[in-house]
Number of protein chains: 2
Amino acid sequence: MSTTTPSDDIGTRLRLVRQIYGLTQRELARRAGVTNGAISLIEQNRVSPSISSLKKILDGIPLSLADFFTHNFSASDQVFFAAADLAEIAYGESISMRLVGGNLKKRALQMLQETYQPGADTGEEMLRHQGEECGIVVAGSLTVTVGAQEKTLHPGDAYYFRSDIPHRFRNPGPLPCHLISANSPPSF
Amino acid sequence: MSTTTPSDDIGTRLRLVRQIYGLTQRELARRAGVTNGAISLIEQNRVSPSISSLKKILDGIPLSLADFFTHNFSASDQVFFAAADLAEIAYGESISMRLVGGNLKKRALQMLQETYQPGADTGEEMLRHQGEECGIVVAGSLTVTVGAQEKTLHPGDAYYFRSDIPHRFRNPGPLPCHLISANSPPSF
DNA sequence: TCCCGGCGTTTAGAATATTCAACAAATTTA
DNA sequence: TAAATTTGTTGAATATTCTAAACGCCGGGA
């Protein structure tokens, strides 16, 4: 499924790593103290580098041998996500959530762009789950209840709480409310 | 603390791994399809092996490159433990437990040599904990209660159950009962 | 005791990796 | 557009690793 490289295809793996780090063969060669030609040959799998060479090269990134062989580098470790590409997550009629990087696996963090229509409400049966979450209101206003506390937030206002504390979100205003939130660990 | 090898001391690391696996240079060379001389040179750090050579060698063990660089091989991964060296764990007056490999870290399994004096009993408030456990009676007899089931085991008899099921051990006989048991994950 | 077999090590030569310098293609700058 | 820069690739020379065959050492069995 993922764009992982077989562990003996050192060349492809090195090229992928180098590109992920945004380095050219020459720049990496300079940092590593080897020649660009050597890196080129390795990346084409035309030679099998010595440990010492590979170590020098990885030091220039920098990346340990263990990490190099352990990690499943993926070209789809996407960094930028167009607004249109944010995965829509249904959450009732009047609440829309758009997930940043929905295709990423194993992430430690989740970010959502949420829209609460006027009157939208996550309900009286407060939400509770593992982890922590925070958010910032971008537009409109949002009434947030966390345990015994309640506050109506306006653009620029933010919240942060442990998610196991019962919480609730409502839009009391006449305008849609836009919110950027983050959870850890991810719940979707 | 541990006898770990720096990640660039490939030679020492390879020698350690090879010895842990009980292989001679010649035997490993034969399995790997390289010469014993090559392994000798690598282990002395007189050459820095190519990835292809190192991979061939590790395939002969077998061990992946990732594992080779990731694991902290330790000569003190002790295998044999003299009876006198089993750590004594107090568990009441009439029950003695002796732990195999108490000095090992991060083990996935725990083995105990237990002795129940006549009349010994873990008590009516049944034991419950995570994991699974099993054991074999070596001498004497032992009455084991697991959930609704109860049986008196004699030498050679054994048990295996999920530890979250309430359980209890008693020695109903006139002789000490010796038992070998194992838990996973470890509870001591 | 001597001999045998297995052990790790060593050496010379074959095989492979790396450097150095030049090349063509793509991109940037003027 | 043309010149200049930067990119990855390549060939010849050099440096390193790997093989094959020997060596010395040690322990076990006649």
Side-chain angles (χ1 to χ4, degrees), chain A residues 3 5-66 68-69 73-75 79-80, chain B residues 3 5-66 68-69 73-75 79-80:
Chain A
T3 316
T5 55
S7 99
D8 54 340
D9 184 356
I10 304 299
T12 306
R13 176 169 284 242
L14 176 59
R15 173 160 291 173
L16 185 54
V17 170
R18 175 176 64 79
Q19 290 173 340
I20 287 174
Y21 281 81
L23 297 170
T24 66
Q25 290 181 348
R26 280 181 156 86
E27 173 59 16
L28 178 54
R30 190 189 61 73
R31 296 197 197 181
V34 302
T35 60
N36 60 302
I39 294 179
S40 177
L41 294 171
I42 293 167
E43 289 188 350
Q44 297 171 80
N45 284 317
R46 290 175 49 171
V47 299
S48 179
S50 68
I51 295 290
S52 65
S53 296
L54 184 59
K55 174 138 201 324
K56 278 199 284 185
I57 292 169
L58 294 179
D59 282 348
I61 289 184
L63 191 69
S64 73
L65 283 165
F68 179 76
F69 286 109
F73 296 99
S74 168
V79 174
F80 302 107
Chain B
T3 314
T5 54
S7 98
D8 55 340
D9 185 356
I10 303 299
T12 305
R13 176 169 283 241
L14 176 59
R15 174 161 290 172
L16 184 54
V17 170
R18 175 175 65 79
Q19 290 172 340
I20 286 175
Y21 281 81
L23 298 169
T24 66
Q25 289 181 348
R26 282 181 157 86
E27 172 60 15
L28 178 54
R30 192 189 60 72
R31 296 196 197 182
V34 301
T35 60
N36 62 303
I39 293 179
S40 176
L41 294 172
I42 293 168
E43 289 187 350
Q44 296 171 80
N45 284 318
R46 290 176 48 172
V47 299
S48 178
S50 68
I51 295 290
S52 63
S53 297
L54 183 60
K55 173 134 201 325
K56 278 199 283 184
I57 293 169
L58 295 179
D59 283 347
I61 289 184
L63 190 69
S64 73
L65 283 164
F68 179 76
F69 286 107
F73 297 98
S74 168
V79 175
F80 302 107

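None of these values were measured; they are calculated from a predicted model. Order of the sequence lines fixes the chain letters, A, B, ..., with proteins taken first and strands second; residue numbering starts at 1 for each chain.
Within the 4.5 Å cutoff, the side chain of B:K55 has heavy atoms near those of the B:L65 side chain. The shortest side-chain heavy-atom distance between A:L28 and A:V34 does not fall under the 4.5 Å cut-off. Considering only heavy atoms from C-beta on, A:Y21 comes within 4.5 Å of A:L63 through its side chain. By the 4.5 Å heavy-atom criterion applied to side chains, B:L54 and B:F69 are counted as neighbours.
In this structure a side-chain-to-backbone donor-acceptor pair under 3.5 Å is present from B:S48 to A:S52.
Along DNA chain C, the nucleotide nearest B:S52 and the nucleotide nearest B:E27 are compared for position; the residue whose nucleotide lies closer to the 5' end is B:E27.
Listed nucleotides: D:dG8, C:dT10, C:dC7. Nearest to the side chain of B:Q44: C:dT10. With D:dT17, D:dG8, C:dG8 as the choices, the nucleotide that has an atom nearest any side-chain atom of B:R15 turns out to be C:dG8. Considering only the side chain of A:S48, C:dA17 comes nearest among C:dC20, C:dA17, D:dC18. Looking at the side chain of B:S53, the nearest of the listed nucleotides D:dT19, C:dT10, D:dC18 is D:dC18. Out of D:dC18, D:dG8, C:dT11, the shortest distance to the side chain of B:R46 is found at C:dT11. Relative to the side chain of B:R26, the nucleotides C:dG8, D:dC18, C:dC20 differ in distance, and C:dG8 lies closest. The side chain of B:R18 lies closest to C:dG8 when the candidates are C:dA17, C:dG8, C:dT19.
Taking atom CD of residue A:E43 and atom P of nucleotide D:dT10, one finds them 13 Å apart after rounding to whole Å. Between A:I39 atom CD1 and C:dA17 atom C1' there is a gap of 14 Å when expressed in whole angstrom units. Between A:L54 atom CG and D:dT17 atom C1' there is a gap of 16 Å when expressed in whole angstrom units. B:I42 places its CD1 atom 14 Å from the P atom of C:dG8, with the value rounded to the nearest Å. As rounded to whole Å, 8 Å separates atom P of D:dT10 from atom CG of A:L41. Protein atom CD1 of B:I51 is 15 Å distant from nucleotide atom C1' of D:dT16, rounded to whole Å. Rounding to whole angstrom units, CG of residue B:L14 and P of C:dG8 are separated by 12 Å. The interatomic distance linking B:N45 (CG) with D:dT17 (P) rounds to 11 Å, in whole Å.
The phosphate of C:dC7 (OP1 or OP2) has no side-chain N or O of B:Q25 nearer than 4.0 angstrom. Side-chain nitrogen and oxygen atoms of B:S50 include none within less than 4.0 Å of the OP1 or OP2 phosphate oxygen of D:dT16.
Atoms CG and CZ, from B:L58 and B:F68 in turn, are 5.5 Å apart once rounded to the nearest 0.5 Å.
A donor-acceptor contact under 3.5 Å is formed by the side chain of B:N36 with the base of C:dT9.
Among the heavy atoms of the strands lying under 4.0 Å from A:V47 is at least one base atom, whether or not backbone atoms are also near. At the heavy-atom level, B:T35 lies under 4.0 Å from base atoms of the strands shown.
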